Amino acid sequence: SGSVNSEGINLNRVGGNVSATDVIADGNDDSNLRAAGVDLDVTISGGSFSGSVNSEGINLNRVGGNVSATDVIADGNDDSNLRAAGVDLDVTISGGSFSGSVNSEGINLNRVGGNVSATDVIADGNDDDNLFARDISQDLTISGGSFSGSLDDRGMLLYRFDGDVTIANVTSTGNFDDNLAIWGGSYGNHSGGAVTITGGDFSGSRSRDGVEVYAVDGNVTVNGVVANGNYADNLALFGGYYGGSGTGGDGNVTIEGGSFSNSVTLQGVEIFNFNGDVSISNVTATGNEAENLEINGGCCLLGFTGPAPGTRNITVSDSNFSGSSTDRGVSIYRFDGDVSLTNVTATGNQGHNLAVFGGYYGDHAGRNVTITNSDFSVITANRGIHLYNVDGDIRLAGVTAENNADENVRVAGGFGGVTGGEGNVVINNGSFAASGDDGLFLNNLNADIALNDIPADPNERPGLHPRAYAGGP
């Protein structure tokens with residue numbers, strides 16, 4: 001400890017293994033422990049490598065075998081607390097603390113030829129990313145631990161990987177940037193396998209998203225995650241690059257359980273540009289500034305020229321998307337398959353409580369839309385349900401849409417120069433009372449309409465208005 005002008009321990013060009021057990025090397029001017037050009041494994045068990053004045057706590061470079069760090073303390077170093085670059089095989093970190101780097105990352109892993117595993121690691125309050133992992137050739141697994149409170153960057157950034165990513169029961173909250181960012185590729189490039197995030201808390205990012213996943217080729221599964229009160233999206237899943245360059249991700253998206261509420265500026269859940277199926281159940285996403293749930297199958301709505309719609313079937317059940325401060329409860333755009341909503345509540349939003357747009361301004365897409373036992377009531381400025389440019393059948397059963405400022409339900413078969421929809425409309429056993437406009441407004445449909453067990457409740461313009469109409473959406 002306490003070297004004035006150099007490292008605590010410096011190992012260079014080692015032909016075999018390196019093992020350090022319960023070593024104390026603190027407060028050195030340069031790296032507390034540096035090992036470079038090691039032909040086989042590096043194993044560090046216990047010990048302390050904290051407080052380097054001008055460099056890393058642990059710096060491992062060009063390791064021909066595995067790297068293992070168990071119950072190591074490397075806190076408060078000027079540069080990265082733990083850096084490992086150019087590792088040919090696996091990196092395994094179990095326990096330990098890598099917090100409070102003054103000017104860099106807590107953990108920095110770069111160019112790893114095998115798997116990366118971190119279990120019950122603490123890496124909080126670093127100046128840069130608490131955990132940064134880039135160019136990983138196989139799987140990434142992070143279980144337990146905390147990656148919270150980065151001063152100037154992300155809690156966790158996992159970037160360019162070829163295998164699967166598994167995140168389980170991790171806490172990553174209150175970071176300056178994204179609490180968790182998983183980027184398979186960037187700017188039109190894809191890579192990576194499946195992404196699975198189970199449990200954990202990713203709330204309170206001070207400037208960005210709670211969880212952001214993009215440009216991955218495999219399935220994305222999010223189970224029982226909490227990501228509330230982030231500055232931007234609470235949960236953002238982008239199959240392709242958001243600017244519209246690059247095709248969508250080929251995997252399916254599954255979200256089971258979890259809470260994604262009270263975003264300060266953007267959506268609760270945003271799903272963009274995936275070519276597979278989307279399934280959402282038992283989710284709460286309420287009180288967000290923008291949409292509580294947005295699923296956009298193919299093209300961002302920001303003036304970019306994006307790919308053709310790709311998302312197939314969309315299923316949403318047993319979920320609540322109420323109380324958006326400025327926008328819709330649920331928005332679904334540009335899909336190629338069927339849409340099914342069951343036991344969904346989306347009430348009291350400022351935009352439409354539910355908007356399902358098969359295409360957008362001049363194209364059709366989608367097949368059937370089925371809505372069952374759901375509530376889309378009480379809105380002060382817009383519609384309860386708005387469906388348009390859908391090619392298949394539309395079926396509503398046991399739906400409530402009452403006390404909305406505009407129509408309670410509007411079904412528009414075509415808009416923007418598009419011919420009317422070709423599917424049938426069947427509405428059974430619904431309640432559409434006390435609208436500021438029509439209770440039901442059916443517009444520009446080329447097929448049959450069947451209405452069953454719908455009470456004739458009073459509306460501002462009472463009853464049903466099925467009519468040809470050439471105006472706006």
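Values below: every heavy atom of this structure, side chains too, minus hydrogens, waters and symmetry copies. Remember, predicted model here, so these are calculated numbers, not experimental data.
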Return the [atom1] to [atom2] distance between [X] and [Y], rounded to the nearest 0.5 Å.
X	Y	atom1	atom2	result
Asp177	Leu151	CG	CG	12.5 Å
Leu235	Phe260	CG	CZ	5.0 Å
Phe161	Asp139	CZ	CG	10.0 Å
Glu291	Asp327	CD	CG	4.0 Å
Glu105	Ser80	CD	OG	4.0 Å
Ile93	Leu131	CD1	CG	7.5 Å

Assess the side chains of [X] and [Y]: does a donor N or O sit below 3.5 Å from an acceptor N or O?
X	Y	result
Thr92	Asp90	no
Ser261	Thr286	yes
Asn349	Asn292	yes
Asn234	Asn288	yes
Asn452	Asn429	no
Asp75	Ser97	yes
Asn179	Asn230	yes
Thr315	Ser340	no

Looking at Phe274 and Gly251, what are the two nearest heavy atoms and their distance?
CD2-O, 3.9 Å

Least distance between heavy atoms, Ser374 atom then Phe376 atom
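In this case the closest contact between Ser374 and Phe376 is CB-CE1, 3.4 Å.
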
Checking [X] side chain against [Y] main chain: does a donor-acceptor pair fall under 3.5 Å?
X	Y	answer
Ser263	Ala232	yes
Asn108	Arg83	no
Ser203	Asn228	yes
Asp318	Ser281	no
Asp406	Asn382	no
Asp128	Ser104	no
Asn353	Ser377	yes
Asn368	Asp393	yes
Asn175	Gly149	yes
Asn262	Val264	no

Using the salt bridge (charged side-chain N to carboxylate O under 4.0 Å, His left out) criterion, which residues pair with Asp135? Sequence neighbours excluded.
Arg160

By salt bridge (charged side-chain N to carboxylate O under 4.0 Å, His left out) - contacts of Asp178 (at least two apart)
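Asp178 satisfies salt bridge (charged side-chain N to carboxylate O under 4.0 Å, His left out) with Arg154, Arg208 only.
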
Exactly one of Asn428, Val426, Thr372, Ile385 should register a side chain to side chain contact (heavy atoms under 4.5 Å, CB included) with Leu396. Which one does?
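In the set Asn428, Val426, Thr372, Ile385, the residue that makes a side chain to side chain contact (heavy atoms under 4.5 Å, CB included) with Leu396 is Ile385.
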
Of Leu180, Thr221, Val220, which meets side chain to side chain contact (heavy atoms under 4.5 Å, CB included) against Ile197?
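Option passing the side chain to side chain contact (heavy atoms under 4.5 Å, CB included) with Ile197: Leu180.
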
Hey, would you say the His386 and Phe357 ring centroids sit under 6.0 Å apart?
yes

Give the intermediate values and the outcome of salt bridge (charged side-chain N to carboxylate O under 4.0 Å, His left out) for residues Asp336 and Arg312.
CA-CA 5 Å; Asp336 283 341; Arg312 296 194 295 263; over 6 Å; no

Are any non-hydrogen side-chain atoms of [X] and [Y] less than 4.5 angstrom apart?
X	Y	answer
Phe132	Met156	no
Arg206	Tyr231	no
Ile255	Ile271	yes
Thr345	Thr347	yes
Asn403	Asn408	no
Phe147	Val121	yes
Asn296	Asn273	no
Phe202	Thr173	no

Considering only NZ, NE, NH1 and NH2 on the basic side and carboxylate oxygens on the acidic side, decide whether Arg367 and Asp338 come within less than 4.0 Å.
yes

